[in-house]
Every structure is written in structure tokens, then in C-alpha cells.
Amino acid sequence: QMKATDEWMYLCAAHKQPQECSAVDYIIHTLDGTAALLNSNKWFPSRSQIQESSLKYFQSITRRLYRVLSHCFFHHRDIFNYVEQTTRLCLRFVTFGALPNL
């Protein structure tokens, strides 16, 4: 199941109706959906500028990607710590997420 702690279980938004997915499927659906959205010429036609109307997507993208990191932290701590020590991925992502207007 895709959850961080026993209190938080996440439903996958990649379906017509949000539903439970295995953690692996949730992560794949989230990454695929994020990549598709960010590569969309409709919402992100330029690589150097972001349209005002597209800014609304960053909050949702950030929230869903943070859930992936949260799951990894709580359920795969050794791997999470190794990746974090070598890449600082979570630190960089949290720094990005804290930017104003996201």
C-alpha cells in the first residue's frame, strides 16, 4: 500500500476515481503523470518561462512527489538514507517546495 505511516494512506489520482494502488504502482503513476504534465506543450510550452495559468500545477505535483519521498523515508529508511547522503535529493526537493508562490 502507498502510505507514509499507518495514519496516512494515499489514493492514486491517475485513475478516473482515485483508488488504492501498490506503492510501486503509485510511484510509477505519479512520476509518469508528472513527466507528462511538465512535458505538455499546452501547459508548459516553453522551457525558460512558465505561464501564469500553469503555476497552479506545481502545488499538486509537489505534494504528490513529497508523498513518494515520505513513503521511502518511513518504509525504506536504509535506502532512503543512502540516497540522501549521496544525492541530497530530499533536501533539494524540500528547498524547491519551500520557494514562494509554489
Side-chain angles (χ1 to χ4, degrees):
Q1 291 179 325
M2 181 58 190
K3 57 184 181 175
T5 66
D6 288 336
E7 297 176 28
W8 294 98
M9 177 150 89
Y10 304 120
L11 298 179
C12 185
H15 310 275
K16 286 187 178 187
Q17 292 293 323
Q19 65 184 42
E20 286 185 35
C21 278
S22 69
V24 170
D25 287 342
Y26 181 99
I27 292 167
I28 290 169
H29 294 158
T30 298
L31 294 176
D32 285 349
T34 298
L37 179 61
L38 293 175
N39 285 306
S40 166
N41 286 328
K42 177 180 179 183
W43 297 111
F44 298 97
S46 171
R47 296 287 177 218
S48 60
Q49 293 180 316
I50 299 172
Q51 304 174 118
E52 187 74 29
S53 61
S54 297
L55 289 174
K56 62 186 176 188
Y57 293 108
F58 281 104
Q59 185 176 22
S60 177
I61 288 171
T62 302
R63 182 179 64 249
R64 289 187 178 122
L65 292 175
Y66 185 78
R67 290 173 181 170
V68 171
L69 291 171
S70 178
H71 172 85
C72 294
F73 178 82
F74 284 105
H75 296 282
H76 309 284
R77 183 72 59 95
D78 291 343
I79 296 169
F80 178 91
N81 288 339
Y82 173 77
V83 171
E84 187 60 15
Q85 287 174 357
T86 58
T87 67
R88 299 289 185 240
L89 175 65
C90 187
L91 175 65
R92 291 183 293 132
F93 183 76
V94 169
T95 301
F96 169 77
L99 291 173
N101 302 321
L102 276 185

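Throughout, residue positions are numbered sequentially from 1 according to the sequence presented.
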(request) Using side-chain hydrogen bond (donor to acceptor under 3.5 Å, both in side chains) as the criterion, list what pairs up with His29, not counting sequence neighbours. (result) none

(message) Over 60° means perpendicular and under 30° means parallel, so tell me whether Tyr10 and Trp8 are parallel, tilted or perpendicular.
(response) parallel

(message) Hydrophobic cluster membership, with links at side-chain heavy-atom distances under 4.5 Å among I/L/V/M/F/W/Y: are Phe44 and Phe96 in one?
(response) yes

(request) Measure from the side-chain N and O atoms of Ser60 to the backbone N and O of Tyr57, and report whether any donor-acceptor pair falls under 3.5 Å. (result) no

(message) For the CG atom on Asn39, are there more than 12 heavy atoms of other groups (residues, nucleotides or ligands in this structure) within a distance under 6.0 Å?
(response) yes

(message) Restricting to non-hydrogen atoms, name the atom on Pro18 and the atom on Leu11 that form the minimum distance, rounded to 0.1 Å.
(response) CB-CB, 4.0 Å

(request) Would you check if the side chain of Glu84 reaches a backbone N or O of Cys90 as a donor-acceptor pair within less than 3.5 Å? (result) yes

(request) May I ask you to decide if Trp43's main-chain N or O and Gln51's side chain share a donor-acceptor pair within less than 3.5 Å? (result) yes

(message) Quick check: closest heavy atoms across Ala4 and His75, and the distance to 0.1 Å?
(response) O-NE2, 2.8 Å

(message) Using side-chain heavy atoms (C-beta onward) and a distance below 4.5 Å, is Leu99 in contact with Phe58?
(response) no

(message) I need the Lys42 NZ to Ser54 OG distance, nearest 0.5 Å.
(response) 10.0 Å

(request) Return yes if some donor-acceptor pair links the side-chain N/O of Ser40 with the main-chain N/O of Ala36 below 3.5 Å, else return no. (result) no

(message) Looking at Leu31, I want to see if its CG is surrounded by more than 12 non-hydrogen atoms of other residues, nucleotides or ligands under 6.0 Å.
(response) yes

(request) Report yes or no: do Leu38 and Phe93 belong to one cluster of Ile/Leu/Val/Met/Phe/Trp/Tyr joined by side chain heavy-atom distances under 4.5 Å? (result) yes

(request) Could you tell me whether a side-chain N or O of Thr34 sits under 3.5 Å from a main-chain N or O of Thr30, the two making a donor and an acceptor? (result) yes

(message) Are Ile61 and Leu89 connected into the same hydrophobic cluster when the rule is that any two of I, L, V, M, F, W, Y join if their side-chain heavy atoms are below 4.5 Å apart?
(response) yes

For residues 65-74, dump all side-chain donor-acceptor pairs below 3.5 Å to protein atoms at least two apart in sequence or in another chain.
unit_1	atom_1	unit_2	atom_2	d
Arg67	NH1	Tyr26	OH	3.4
His71	ND1	Lys3	O	2.8
His71	NE2	His76	NE2	3.4

(request) Hey, could you give me the CE/CD distance between Met2 and Glu20, rounded to the nearest 0.5 Å? (result) 12.0 Å

